[in-house]
Enquirer: 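Take this structure first; my questions come after.
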Amino acid sequence: KAEPYITQLSAMDADQAHGELYRFRLAMAKGDIQSALAISRGLTEKYKEFSLSWESMGEALAASGQVDAAAAKYQVALDKQPTNVRALQGLISCSYRLGKLDDAKRYIEDARQKFPNDPSYRKMEIEHELVYGDPETVLGTLRDDVTSAPDDPQKYQAAAQALLRAASV
């Protein structure tokens with residue numbers, strides 16, 4: 001059902017890639033990873049100067065299980081546009097999938113510097129320390145969260161989880 005819209009958007013060159021980005025999104029939505037890979041390869045050949053081309057390739061490679069290769073493409077995307085949120089998220093995800101916890105932490109820290117008000121990266125930072133790092137480093141932050149929102153059970157749960165984890169380390 002999306003194809004007629006993609007045809008129209010392609011004719012308008014709304015994505016500035018002659019509809020290829022829309023075709024890529026559609027292939028990914030359908031779970032047609034092979035088509036997504038082919039489209040993203042074309043994007044990186046025709047539009048190699050754009051971060052979004054490399055991000056798309058990273059996404060398709062990650063979906064196909066080629067996590068090392070995906071991480072490399074996400075890195076190219078970040079080199080071209082250091083504030084590419086999806087590339088950063090992709091690198092973080094790939095790092096965890098590859099068991100590269102130090103890399104994941106480094107990318108999360110980078111994201112926190114670039115997007116200090118984004119709560120998703122703050123949450124990633126806290127979860128990383130709770131699961132893989134030193135839970136005591138986030139206890140103060142979590143106590144402040146409880147103090148600032150005393151009626152939020154999720155804040156208490158996060159603080160309790162950190163305390164339990166710190167006690168078991």
Side-chain angles (χ1 to χ4, degrees), residues 15 21 24-25 27-31 33 36-37 39-41 43-44 47-169:
D15 64 354
L21 289 169
F24 171 79
R25 285 275 144 239
M28 289 298 292
K30 288 181 171 181
I33 304 305
L37 281 166
I39 293 166
S40 65
R41 275 190 202 98
L43 285 166
T44 59
Y47 307 101
K48 60 182 161 218
E49 67 275 14
F50 296 115
S51 177
L52 193 52
S53 300
W54 298 96
E55 172 203 313
S56 299
M57 177 66 100
E59 184 179 347
L61 288 165
S64 74
Q66 299 175 64
V67 184
D68 266 325
K73 302 309 180 200
Y74 282 130
Q75 186 60 61
V76 173
L78 265 187
D79 291 344
K80 293 186 178 300
Q81 182 187 352
T83 56
N84 183 324
V85 171
R86 290 175 58 112
L88 263 171
Q89 291 169 343
L91 271 172
I92 293 166
S93 174
C94 287
S95 297
Y96 281 124
R97 288 175 67 185
L98 293 167
K100 296 181 176 182
L101 303 179
D102 290 339
D103 288 350
K105 182 177 180 175
R106 184 171 42 87
Y107 293 128
I108 292 168
E109 289 170 350
D110 183 38
R112 289 279 291 144
Q113 287 180 342
K114 291 175 180 171
F115 308 102
N117 297 322
D118 186 325
S120 66
Y121 292 120
R122 181 178 181 272
K123 183 178 178 183
M124 283 183 197
E125 182 177 51
I126 290 169
E127 288 176 1
H128 183 89
E129 288 304 320
L130 289 176
V131 176
Y132 304 109
D134 181 2
E136 291 195 26
T137 62
V138 295
L139 287 176
T141 300
L142 294 172
R143 284 188 189 114
D144 292 345
D145 287 351
V146 168
T147 302
S148 69
D151 296 327
D152 187 342
Q154 290 180 340
K155 304 289 184 187
Y156 281 95
Q157 184 178 13
Q161 180 184 5
L163 286 168
L164 288 171
R165 176 85 170 104
S168 69
V169 170

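Predicted, not measured: the structure shown is a model, and the values here were computed from it.
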Enquirer: Taking all heavy atoms of Ala159 and all of Leu139, pick out the closest pair and write down the distance.
Expert: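 Taking every non-hydrogen atom into account, O-CD2, 4.5 Å.
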Enquirer: Between Leu101 and Ser95, is a side chain to side chain contact (heavy atoms under 4.5 Å, CB included) present by the stated rule, with each step listed?
Expert: CA-CA 6 Å; Leu101 303 179; Ser95 297; over 6 Å; no
Enquirer: Going by an N to O cut-off under 4.0 Å, is there a salt bridge joining Lys105 and Asp102?
Expert: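 Answer for the salt bridge query: no.
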Enquirer: Taking all non-hydrogen atoms of both residues into account, name the closest pair between Met57 and Ser40 and its distance.
Expert: SD-OG, 3.3 Å
Enquirer: Could you walk me through whether Leu142 and Lys155 pass the side chain to side chain contact (heavy atoms under 4.5 Å, CB included) test, one step at a time?
Expert: CA-CA 7 Å; Leu142 294 172; Lys155 304 289 184 187; over 6 Å; no
Enquirer: Below 4.5 Å, heavy atoms only, C-beta onward: do Asn117 and Arg112 meet side chain to side chain?
Expert: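 No. Closest side-chain heavy atoms not under 4.5 Å.
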Enquirer: Given side chain to side chain contact (heavy atoms under 4.5 Å, CB included), test Phe50 with Gln81 step by step and report yes or no.
Expert: CA-CA 8 Å; Phe50 296 115; Gln81 182 187 352; over 6 Å; no
Enquirer: Under the salt bridge (charged side-chain N to carboxylate O under 4.0 Å, His left out) criterion, do Glu59 and Arg25 qualify, and how do the steps go?
Expert: CA-CA 10 Å; Glu59 184 179 347; Arg25 285 275 144 239; 2.7 Å; yes
Enquirer: Looking at Leu21, is its backbone amide N or carbonyl O close enough to the side chain of Asp15 to form a donor-acceptor pair, meaning the two atoms are under 3.5 Å apart?
Expert: yes
Enquirer: Would you indicate whether the side-chain heavy atoms of Leu52 and Glu55 approach each other to under 4.5 Å?
Expert: yes
Enquirer: Should we count NZ of Lys114 as having more than 12 external heavy atoms under 6.0 Å?
Expert: yes
Enquirer: Can you measure from CG (Asp110) to CG (Leu88) and round to the nearest 0.5 angstrom?
Expert: 5.5 Å
Enquirer: Salt-bridge test for Asp145 and Arg122: reply yes if a basic N is under 4.0 Å from a carboxylate O, no otherwise.
Expert: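 Between Arg122 and Asp145 there is a salt bridge, with a charged N closer than 4.0 Å to a carboxylate O.
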Enquirer: Looking only at heavy atoms, which two atoms of Val138 and Leu130 are closest? And how far apart?
Expert: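 Closest approach of Val138 to Leu130: CG2-CD2, 3.9 Å.
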Enquirer: More than 12 heavy atoms of other residues, nucleotides or ligands under 6.0 Å from CD of Gln157: is that the case?
Expert: no
Enquirer: Nearest 0.5 Å, what's the CG-OH distance between Asp151 and Tyr156?
Expert: 7.5 Å
Enquirer: So, for Tyr121 and Ile108, which heavy atoms are closest and what is the spacing to 0.1 Å?
Expert: O-CG2, 3.9 Å
Enquirer: Could you report the tightest heavy-atom contact between Ile33 and Ala60, atom names first, then the distance?
Expert: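 Where Ile33 meets Ala60 most closely, the heavy atoms are CG2-O, 3.8 Å.
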Enquirer: Which pair of non-hydrogen atoms, one from Ala62 and one from Arg97, has the smallest distance, and what is that distance?
Expert: O-NH1, 3.3 Å
Enquirer: Measure the shortest side-chain to side-chain distance between Thr137 and Asp134 over non-hydrogen atoms and say whether it is less than 4.5 angstrom.
Expert: yes
Enquirer: Between CG of Asp118 and NZ of Lys123, what distance do you get to the nearest 0.5 Å?
Expert: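 NZ of Lys123 is found 12.0 Å from CG of Asp118.
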Enquirer: Which value, rounded to the nearest 0.5 Å, describes the distance between Lys73 atom NZ and Ser51 atom OG?
Expert: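 That separation rounds to 13.5 Å.
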Enquirer: Rounded to the nearest 0.5 Å, how far apart are CD of Glu49 and OG1 of Thr44?
Expert: 11.0 Å
Enquirer: Nearest 0.5 Å, please: how far is CG in Leu91 from OH in Tyr107?
Expert: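 CG of Leu91 is found 4.5 Å from OH of Tyr107.
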Enquirer: How are the rings of Tyr96 and His128 set relative to one another: parallel (under 30°), tilted (30 to 60°) or perpendicular (over 60°)?
Expert: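 Tilted: the ring planes of Tyr96 and His128 meet at 30° to 60°.
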Enquirer: If you count the non-hydrogen atoms of other residues, nucleotides and ligands that lie under 6.0 Å from CD in Gln154, is the total more than 12?
Expert: no
Enquirer: Determine whether a donor-acceptor pair (N or O, by modelled atom type, separation under 3.5 Å) exists between the side chain of Trp54 and the backbone of Lys48.
Expert: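 Here the side-chain-to-backbone pair exists.
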Enquirer: Looking at Leu61, is its backbone amide N or carbonyl O close enough to the side chain of Ser64 to form a donor-acceptor pair, meaning the two atoms are under 3.5 Å apart?
Expert: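 A pair under 3.5 Å: yes.
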